[in-house]
Amino acid sequence: MDHTLPGADRLPPRVDTGVIGWLRSRLFSSPLNAILTILALWLLLMAVPALIDYLFVKPDFAATTAAQCRETGGYCWAFVREKHRLILFGIYPYDEQWRPLLASVILVGAIVCSCIRWFWKPFLGLLWVVALVAVGVLMWGGVLGLTYVENAKWGGLPLTLILSTFGIAFAFPFGLLLALGRRSHMPGVKAVCVVYIELIRGVPLVSLLFMSSVMLPLFLPEGFSIDKLLRAQIAIILFAAAYVAETVRGGLQAIPKGQYEGADSLGLGYWQQMRKIILPQALKIVIPPLVGIFISLFKDTSLVVIIGIFDLTQAAKAAVSDAVWRGFSTESYLFISAIYFIFCYSISRYSLSLERKLDQGQHR
Amino acid sequence: MSEPIIRLQNVNKWYGQFHVLKDLNLDVAPGERIVICGPSGSGKSTMIRCINRLEEHQEGQIIVDGTELTNDLKQIEAIRRDVGMVFQHFNLFPHMTVLENLTLGPVWVLKRPKAEAEATAMKYLERVRIPDQANKFPGQLSGGQQQRVAIARSLCMNPKIMLFDEPTSALDPEMVKEVLDVMVELAEETGMTMLCVTHEMGFARKVADRVIFMDHGEIIEQNAPDAFFDTPQNERTKLFLSQILH
């Protein structure tokens, strides 16, 4: 006799498992789905082999001149070999280019460390101080036997990294304060924040950069000038902060009233509530859009070209303007696209893992 | 009667045009246990929420432990330190473990050392009979367990007064008893002043010194529990009791 108890557990039916089941449920579950699947496969079939052919099969890897490249067609790797230092470091003195390289590595290292939870301790601040001093010494020089390089000559990747790192580092706390200010019960504070946010969001970054570079000096007293790079940096910070503020405000509004009341009933003050209860939850909700802002900030730094700062994009443009290597703009822009992509994709992956980590164990 | 620990004098409050609290007067003696009942919308929650200033009253006086509630933030925070509150929907902090929920107030508001706060927290978790859940997140607990954590969180602040705002209304029926048991124990073993908005009449009979019936923002009737339930005076009270006692 079967002694299975009425409540005994059974395994799920096998129909929907296995490769066939997966294919059927994920790729061919309906006529429309089947058409989309086939369309996607066709697109991949068109694109991937062509790309591999262009990048790796056609080109002659031994080519060293533009003429050889033009003959074989495909991606001109010789161009990258010839111009990568100009693209990466701009017009920084050629013999000193190990300095921006090292500075970039230090900067990226510090950023990576900040992303790892183990480093989230007070000494991270010290680490940043050391890193920034090192970057400053390497880029400017003038001490320790390094020749002085004025920042008008900085360019390429280190410049992009510096602009976006400081952009994010300052825009984030500034944006937080703006978001809190916009939700403040004090009408003065609230009005200032609303006006600021709406004003900045109503203006393109390009015009902000122009204003900071062309108009600002007109208002400053004679003989008093702020460095062009610093002005661009400030414009980027002011711009991004307004977007951070609105995103964070969305997160703040998603926190139920009960959380404020729970905190109130314990006698926590405003800043304690924000720091311990509200912001940790609100920021967790807005990680995806916040990272979106940081990624676009990273790419938007390329707009500084319009006020003549030599960032990665401008360097790519300069590399193609060489008469000998004219006509290789695809090579140049693909090269910097790859660099931008590596950074943006890393940021995006990191935000996903952060979300997952913060989600552990706490489901509502 | 000794000096009241809570005194409401001619308290009035409006939500827009709606008059929620009408000329309320109430004195609560230290150690007194009061159950407040009444139909929904009668202002009972609003009244106890005024006592720790989660709601602002517009007219009249509320004096808690000798301090009048005004707009002075420092005074409000001082009163909140002495007044614990348990909510219908628990209002635990979901991003913190149970232990962190319990030590947050003592560490940040009372400035206790962390180890001491944790020891106190464990003591109260044992009292509400869930010490083994200390390192879980609120979302991993049942409703009854969450509410007991919320009670322990208030107790960790060592309050003089505890306010309960319908503490069992959001719970599944089988969990109501575990929360009520904790509250009964609390009432019987400590001399804490308790104000409890609830419709648990068994609880009221067992622990209350006084039952208050509110309707339309007014206190209609108040009496010792036996007299209140057995010989209600007002027609509205009789109607209400007949509706909830079936």
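In what follows, every chain begins at residue 1, and chains take the letters A, B, ... in the order their sequences are listed.
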Can you tell me which portion of [X] sits under 4.5 Å from chain A's heavy atoms? Options are side chain, backbone, both or neither.
| X | answer |
| --- | --- |
| B:L92 | backbone |
| B:R153 | both |
| B:F93 | both |

[atom1] ([X]) with more than 12 external heavy atoms under 6.0 Å:
| X | atom1 | value |
| --- | --- | --- |
| A:K299 | NZ | no |
| A:Y350 | OH | yes |
| B:K13 | NZ | yes |
| B:K114 | NZ | no |
| B:Y15 | OH | yes |
| B:K74 | NZ | no |

What option among B:H89, B:R80, B:E100 has the most heavy-atom pairs under 4.5 Å with chain A?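 Between B:H89, B:R80, B:E100, the count favours B:R80.
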
### Query
Is a donor on one side and an acceptor on the other found under 3.5 Å between the side chain of B:H95 and the backbone of A:L358?
no

Side chains of [X] and [Y]: closer than 4.5 Å at any heavy-atom pair?
| X | Y | value |
| --- | --- | --- |
| B:E77 | A:Y270 | no |
| B:N52 | A:D264 | no |
| B:P94 | A:Q259 | yes |
| A:L266 | B:M157 | yes |

*Start with the C-alpha gap between A:R275 and B:W108, add the side-chain angles, then the distance that decides, and say whether side chain to side chain contact (heavy atoms under 4.5 Å, CB included) holds.*
CA-CA 11 Å; A:R275 192 172 139 210; B:W108 289 87; 3.5 Å; yes

Review point. Closest heavy-atom contact between A:K257 and B:R49?
Key: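 The pair with the smallest heavy-atom distance is NZ-NH2, 3.9 Å.
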
Heavy-atom closest pair (B:F87 atom, A:E261 atom, distance to 0.1 Å) is CZ-O, 3.6 Å

Task: Atom pair OG/CG of A:S265 and B:N91 - distance to nearest 0.5 Å - done: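 Nearest 0.5 Å value for the OG-CG distance: 7.5 Å.
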
